[in-house]
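Let me begin by presenting the structure, written as structure tokens, before commenting on it.
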2 protein chains.
Amino acid sequence: MDNLKKKNLKKKLSIVDLAKQLNISPTTISFILNGKAQEKRISSELVERVLKQIEEVGYKPNALAQSLRTGKTMIIGLMVENIANPFFANIARLIEEKAYKNGYKIIYCSTDNDSAKTKDLLRIFQDRHVDGYIISPPEGIEKEVDGLIDNGSPVVLFDRYLHDTKADFIVVDNAGSTYEAVNHLVKNGYKNIAFITLDSLQTQMQDRLKGYEKALNEHALSHHVKEISYYQEEENIIRHIVAFLERKPELDAVLFGTNYLGVSGLKAIKKLNKRVPEDLAVISFDDHTLFELHSPDITAISQPIEEISEKLITILLGRLNKTSKAKKTQSAVLAPELIVRGSSRKIKA
Amino acid sequence: MDNLKKKNLKKKLSIVDLAKQLNISPTTISFILNGKAQEKRISSELVERVLKQIEEVGYKPNALAQSLRTGKTMIIGLMVENIANPFFANIARLIEEKAYKNGYKIIYCSTDNDSAKTKDLLRIFQDRHVDGYIISPPEGIEKEVDGLIDNGSPVVLFDRYLHDTKADFIVVDNAGSTYEAVNHLVKNGYKNIAFITLDSLQTQMQDRLKGYEKALNEHALSHHVKEISYYQEEENIIRHIVAFLERKPELDAVLFGTNYLGVSGLKAIKKLNKRVPEDLAVISFDDHTLFELHSPDITAISQPIEEISEKLITILLGRLNKTSKAKKTQSAVLAPELIVRGSSRKIKA
DNA sequence: GTGAAAGCGCTAACAC
DNA sequence: GTGTTAGCGCTTTCAC
């Protein structure tokens with residue numbers, strides 16, 4: 001009866017309680033628990049006895065107290081632009097998995113590309129003493145990021161990076177892959193190629209724009225760039241795309257700068273009753289379930305999500321484990337893959 | 001020079017440091033910080049002075065120490081089946097937002113519907129002393145959930161619930177909405193309606209099955225149920241669906257039990273070169289960007305994501321704020337909406 | 001009105 | 001090899 005009750009009640013017992021039960025000092029238990037039994041030459045019988053008792057009474061160290069003492073929380077702060085975006089959700093998923101495997105937990109949040117919100121969020125993460133950060137940063141948080149690093153918290157950026165920052169980063173070859181995509185369109189006979197992108201100075205968007213422009217210049221084709229503001233409802237985005245496409249009847253192909261622009265773009269194209277690719281060829285940056293199943297299926301610049309996540313966590317864990325803080329900025333530029341599908345196929349002229 | 005350095009260094013200063021600077025006791029500062037200035041009748045000038053100093057030196061209380069002392073972490077543990085599933089990602093997004101607005105942060109993870117993994121994860125959340133839980137639970141964690149509640153941590157389940165548990169839950173009317181969807185198909189002239197679902201005993205899947213069967217029974221139509229195991233690659237799922245559809249050429253409609261089954265199903269249907277809805281009408285549980293843009297667009301049972309998130313966080317915050325632990329289980333059953341699209345339209349017989 | 005002091009549970013330098 | 005003890009930074013009871 002009493003035993004049963006005890007089990008349910010789960011009186012949180014501390015290392016001191018445990019020490020009393022065993023008639024030894026908390027220190028010894030602490031040493032054993034932290035793998036210092038050998039080093040401190042604690043008798044293996046004692047170790048045995050302690051471990052057994054721990055098992056028996058279900059003792060679990062208070063992580064909060066540990067963190068307060070050691071300064072390490074084993075928590076990684078993950079800030080993505082928007083967790084509802086499949087690209088970020090998939091990255092988050094993979095990072096989470098790899099982090100857990102290494103004993104780290106994830107606290108996450110969506111920044112909405114809002115630097116004020118992001119600063120608040122960074123503050124909160126700092127308050128909670130997260131050990132390291134993985135961030136797809138909005139513009140304007142350079143100072144805060146460097147502040148974190150100065151305080152000894154490693155930061156790895158992804159999807160885009162920040163100029164003049166000490167933070168590590170993992171990005172993809174945005175310029176090169178966009179360049180390749182446009183060349184693919186040109187090779188298939190398209191000449192009036194638009195680029196519908198975000199009105200954003202973030203590096204990834206700027207690089208995609210550069211790739212687009214470089215390709216067009218090389219082929220002496222005229223530019224058709226439409227920049228759309230990030231901060232609006234999808235309906236509005238669609239409206240803008242519709243207006244742009246209507247204004248430019250000469251277009252025969254369009255490249256979308258992000259997956260959600262691609263999705264909105266397809267909705268716009270549907271509204272206009274344009275046939276893909278006969279009236280308008282389509283390529284989108286980022287792949288999306290939708291692109292595979294759409295009729296026709298949509299050519300996409302697919303990012304190596306698995307590789308990105310792997311590198312991110314590897315770099316971060318490296319920083320977390322090593323004491324050498326002096327190491328230089330690490331970075332990697334990964335190669336996306338152009339997945340050619342029906343929406344950009346050659347049409348008989 | 002020295003000032004600059006100080007700013008960058010951000011020597012974490014404690015409440016004691018602050019007290020020394022002000023020549024008062026830490027207690028007073030603590031009272032002021034915790035809104036007890038009135039109660040303790042601390043002179044408003046002192047309050048002013050303290051606040052100003054805090055501002056000036058950028059003092060921030062150590063949340064870890066606070067948590068250790070108070071036992072509250074202001075962190076909510078969110079466990080979803082899979083953050084890469086848009087349904088869960090969207091819910092997570094909304095919950096996160098609402099939580100932050102109330103001063104709570106989210107630690108999240110994906111359970112993969114794996115009860116062993118989930119138990120581990122619960123353990124980790126417990127270790128970190130999260131204040132409350134929002135969970136889309138796999139089967140088999142009833143005991144653990146009740147354990148949490150017994151220990152005073154509120155738990156709200158969603159998407160499905162657990163029998164014989166004290167936990168609150170928010171679900172949708174799975175049986176009713178599936179019933180309605182099948183009736184819609186029947187009304188549009190379909191007679192051989194399959195239900196492709198998960199091989200799962202979770203309540204939501206069972207209820208969807210019941211709704212399907214009830215409708216068929218009322219119309220004296222024969223059942224065609226295909227249960228697919230959750231734990232496999234998408235390729236395999238597609239293969240199973242293909243095989244099922246090939247084995248049952250008499251089918252003229254199919255209802256998918258989840259959004260990813262719907263997506264895989266569409267891929268299977270594409271492989272089989274079946275026309276939708278001429279050869280096979282399609283409805284899927286859960287809406288998905290894809291369903292809107294697919295040709296034809298896909299009829300879906302859309303869950304009220306915003307409302308679900310709102311209720312979840314409201315119930316949890318209610319529990320967190322109130323001291324009355326004795327309150328009975330709270331639950332709500334929300335109504336999904338059948339969004340009728342082209343994939344289930346009436347075809348001329 | 002304000003302060004001293006006792007912990008929350010843990011780690012680790014130091015002592016023996 | 002093992003124990004004593006001083007904090008980590010905060011809240012809160014009790015005293016004045």
Side-chain angles (χ1 to χ4, degrees), chain A residues 10-51 53-54 57-75 126-129 131 151-152, chain B residues 10-51 53-54 57-75 126-129 131 151-152:
Chain A
K10 262 193 191 170
K11 281 266 180 207
K12 285 262 155 127
L13 69 183
S14 75
I15 199 169
V16 178
D17 300 328
L18 200 63
K20 275 182 195 152
Q21 291 175 8
L22 290 161
N23 272 320
I24 58 174
S25 125
T27 315
T28 312
I29 301 178
S30 174
F31 283 151
I32 293 176
L33 250 29
N34 294 313
K36 299 192 179 158
Q38 299 271 20
E39 181 188 329
K40 300 290 178 182
R41 294 200 280 172
I42 294 169
S43 72
S44 49
E45 333 159 34
L46 217 201
V47 173
E48 185 87 351
R49 203 157 67 85
V50 170
L51 258 27
Q53 179 73 196
I54 285 177
V57 300
Y59 166 74
K60 265 284 187 178
N62 181 329
L64 246 31
Q66 273 175 320
S67 294
L68 179 61
R69 189 57 232 239
T70 62
K72 316 226 102 259
T73 54
M74 301 302 281
I75 292 182
Q126 244 183 309
D127 289 352
R128 297 247 61 100
H129 293 220
D131 289 343
N151 280 335
Chain B
K10 261 193 192 171
K11 281 267 180 205
K12 286 260 155 128
L13 67 183
S14 74
I15 199 168
V16 177
D17 300 327
L18 200 64
K20 274 182 194 150
Q21 290 175 10
L22 290 161
N23 273 319
I24 58 174
S25 125
T27 314
T28 312
I29 301 178
S30 175
F31 282 151
I32 293 175
L33 249 30
N34 293 312
K36 299 192 180 155
Q38 300 270 19
E39 183 188 325
K40 300 289 179 181
R41 294 200 279 171
I42 294 169
S43 72
S44 49
E45 332 160 35
L46 218 200
V47 173
E48 185 86 353
R49 204 156 68 84
V50 169
L51 258 26
Q53 181 73 196
I54 286 178
V57 299
Y59 166 75
K60 266 288 190 175
N62 182 328
L64 245 31
Q66 274 175 318
S67 295
L68 179 61
R69 189 56 233 243
T70 61
K72 315 224 103 258
T73 55
M74 300 302 280
I75 292 182
Q126 243 183 311
D127 289 351
R128 295 247 62 102
H129 293 219
D131 289 342
N151 280 334

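What you see is a predicted model; the values in this text were computed from it and never measured. Chain A is the first sequence line, chain B the second, and so forth, proteins listed ahead of strands; every chain is numbered from 1.
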Worksheet item: Do A:Asn62 and B:Leu68 have side-chain heavy atoms sitting under 4.5 Å apart?
Response: yes
Discussion item. Could you tell me how far apart A:Met74 (CE) and C:dC10 (P) are, to the nearest whole angstrom?
Written reply: 17 Å
Worksheet item: Is the charged tip of A:Lys36 near the ring of A:Phe31: under 6.0 Å from the six-membered ring centre and within 45° of its axis?
Response: no
Discussion item. Using only modelled atom types and a 3.5 angstrom limit, is any donor from either the side chain of B:Thr27 or the base of D:dT11 paired with an acceptor on the other?
Written reply: no
Worksheet item: Which part of the nucleic acid does B:Leu64 contact within heavy-atom distance under 4.0 Å: base, sugar-phosphate only, or nothing?
Response: nothing
Discussion item. Applying a 4.0 Å non-hydrogen cut-off, can you work out what A:Asn23 is touching in the nucleic acid: base, sugar-phosphate, or nothing?
Written reply: sugar-phosphate
Practice prompt. Look at the side chain of B:Thr73 and the backbone N and O of B:Ser67, then say whether any donor-acceptor pair between them is shorter than 3.5 Å.
Written response: no
Practice prompt. State whether the distance check finds a donor on one side and an acceptor on the other, under 3.5 Å, for side chain A:Arg69 versus base C:dG9.
Written response: no
Worksheet item: Do B:Gln21 and B:Leu18 come close enough that some side-chain heavy atom pair is under 4.5 Å?
Response: yes
Item to complete: For B:Ile42, report the nucleic acid contact type (base, sugar-phosphate, nothing); a contact means any heavy atom under 4.0 Å.
Response: sugar-phosphate
Discussion item. Please tell me if A:Lys36 has a side-chain N or O lying less than 4.0 Å from either OP1 or OP2 of C:dA12.
Written reply: yes
Worksheet item: With a non-hydrogen cut-off below 4.0 angstrom, is B:Ser14 in contact with a base, only sugar-phosphate, or nothing?
Response: sugar-phosphate
